Amino acid sequence: VIPWPNPFFYPISAHETQNGCIYLQRLRLADGKPVMLEDTYLPIGFLPQFTRRKFVNGSLFETLYTFYGFQVVSLEQDIRAVHADTEVSKKLQIPNNAAILNIQRKYITQDKHFVFYSNLYCNTEHFAFSGTYKI
C-alpha cells in the first residue's frame with residue numbers, strides 16, 4: 001500500500017488521490033526470459049483484505065471478480081515506443097536505453113467508481129504481442 005505516484009500517468013480523481021493505492025509489480029516471462037514488467041495501481045477503498053489474499057488461478061482479474069464482484073468491461077490505453085530507464089532495463093535484462101513498448105492502461109469495471117491502472121513495459125525483441133483479447 002503506497003500513496004499514488006505524482007505525477008501519475010492517467011488523470012485520477014481527488015478521491016483517489018486522497019486515499020492510497022495498492023501497488024503490484026509483476027514480471028512476466030516467456031520461455032524463461034523477461035518480456036513484460038507491469039506496474040498495477042488499485043484504489044484502496046474498494047478491496048478489504050486484498051493484500052492478504054492469494055490470486056485466484058494466478059489472475060488479478062479473477063481475484064477481483066471472485067472476492068469483490070468487479071469485472072473489467074473495457075479499457076483505455078496509450079501505446080508508445082520509449083527508451084528503457086535503468087530500473088526497467090535491469091528487470092527486463094536489456095541494455096539501458098533500449099527501445100521498448102510502453103502501454104498505459106485504465107481498466108474500467110461494471111462499477112463506475114472502481115477503476116484501476118497499469119503501466120506496462122514490453123520487450124518485443126524476441127516476442128510479439130498480438131492476438132484477440134477478451135476482457
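This is a predicted model, so every value here is computed, not measured.
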> If you look only at pairs with a residue in residues 29-45, which of them pass as a salt bridge (charged side-chain N to carboxylate O under 4.0 Å, His left out), with sequence neighbours excluded?
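Sorted result for residues 29-45: R26-E38, R28-E38.
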> Please round to the nearest 0.5 Å and tell me the distance separating atom SG of C122 and atom CD1 of I79.
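Nearest 0.5 Å value for the SG-CD1 distance: 8.5 Å.
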> Please say yes or no: joined through hydrophobic side-chain contacts below 4.5 Å, possibly via intermediate residues, are Y65 and V73 part of one cluster?
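Unlinked, Y65 and V73 end up in two clusters.
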> First locate atom CZ of F9, then atom OG of S118, and finally report the distance between them rounded to the nearest 0.5 Å.
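Going from CZ on F9 over to OG on S118, the span is 6.5 Å.
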> Mind running side chain to side chain contact (heavy atoms under 4.5 Å, CB included) on L24 and L60 for me, showing each step along the way?
CA-CA 10 Å; L24 306 168; L60 173 61; 4.2 Å; yes
> Minimum heavy-atom separation for P95 to S89, with atom names?
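Answer, listing the atom of P95 first, then S89: O-OG, 3.3 Å.
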> Using the test side-chain contact (heavy atoms from CB on, under 4.5 Å), find all partners of T86 that sit at least two apart in sequence or belong to another chain.
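Partners of T86 under the side-chain contact (heavy atoms from CB on, under 4.5 Å) test: N96.
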> Under the salt bridge (charged side-chain N to carboxylate O under 4.0 Å, His left out) rule, what pairs show up with a residue in residues 48-70, not counting sequence neighbours?
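Sorted result for residues 48-70: empty, none.
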> Please evaluate residues N102 and N119 with respect to the criterion side chain to side chain contact (heavy atoms under 4.5 Å, CB included), reporting the C-alpha separation (whole Å), side-chain torsions for both, the decisive distance (0.1 Å), and the verdict.
CA-CA 7 Å; N102 178 225; N119 192 20; 2.8 Å; yes
> State, with a plain yes or no, whether a side-chain heavy atom of L75 is found less than 4.5 Å away from one of I108.
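Not in contact.
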> Got a sec, which hydrophobics cluster with L92, joining ILVMFWY side chains under 4.5 Å apart, including via others?
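When side chains under 4.5 Å apart are linked, the cluster holding L92 also contains L27, L29, L37, V82, V88, I94, I100, Y121.
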> State, yes or no, whether a side-chain contact exists between T124 and V35 at a heavy-atom distance under 4.5 Å.
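T124 does not reach V35 side chain to side chain.
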> Just wondering, do F50 and L64 contact through their side chains at under 4.5 Å, heavy atoms?
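Side chain of L64 against side chain of F50, heavy atoms only: contact under 4.5 Å found.
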> Scan residues 75-103 for pairs that pass ring-ring contact (aromatic ring centres under 6.0 Å, His included), counting only residues two or more places apart or in two chains.
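Those involving residues 75-103 do not exist here.
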> Could you measure the distance from the OG1 atom of T17 to the CG atom of N6? Nearest 0.5 Å is fine.
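That separation rounds to 8.0 Å.
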> Before giving the answer on side chain to side chain contact (heavy atoms under 4.5 Å, CB included), spell out for V1 and C21 the whole-Å C-alpha distance, their side-chain angles and the decisive distance to 0.1 Å.
CA-CA 6 Å; V1 176; C21 64; over 6 Å; no
> Going by the salt bridge (charged side-chain N to carboxylate O under 4.0 Å, His left out) test, which pairs reach into residues 95-119, not counting sequence neighbours?
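Residue pairs passing salt bridge (charged side-chain N to carboxylate O under 4.0 Å, His left out), neighbours aside: none found.
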> Which pairs, with at least one residue in residues 74-88 and sequence neighbours excluded, count as a salt bridge (charged side-chain N to carboxylate O under 4.0 Å, His left out)?
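Output for this query lists E87-K91.
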> Going by ring pair (Phe, Tyr, Trp, His ring centres under 6.0 Å), name the residues that satisfy it together with F8, two or more places apart in sequence or in a different chain.
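Testing F8 for ring pair (Phe, Tyr, Trp, His ring centres under 6.0 Å), a comparison that skips the adjacent residues, returns W4, Y41, Y117.
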> Take V56 and F67 through the side chain to side chain contact (heavy atoms under 4.5 Å, CB included) test and state the conclusion after the steps.
CA-CA 9 Å; V56 175; F67 292 110; 3.6 Å; yes
> Any sub-3.5 Å donor-acceptor pair from Y23's side-chain atoms to L42's backbone N or O?
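No.
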> Please give me the minimum heavy-atom distance between G69 and Q110, naming the atom from each residue.
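That would be O-NE2, 2.6 Å.
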> In chain order, what residues pass the ring pair (Phe, Tyr, Trp, His ring centres under 6.0 Å) check against F114, with sequence neighbours excluded?
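F46, F70, F116.
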> N19 side chain to P43 main-chain N or O, any donor-acceptor pair under 3.5 Å?
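No, N19 side chain to P43 backbone: no donor-acceptor pair under 3.5 Å.
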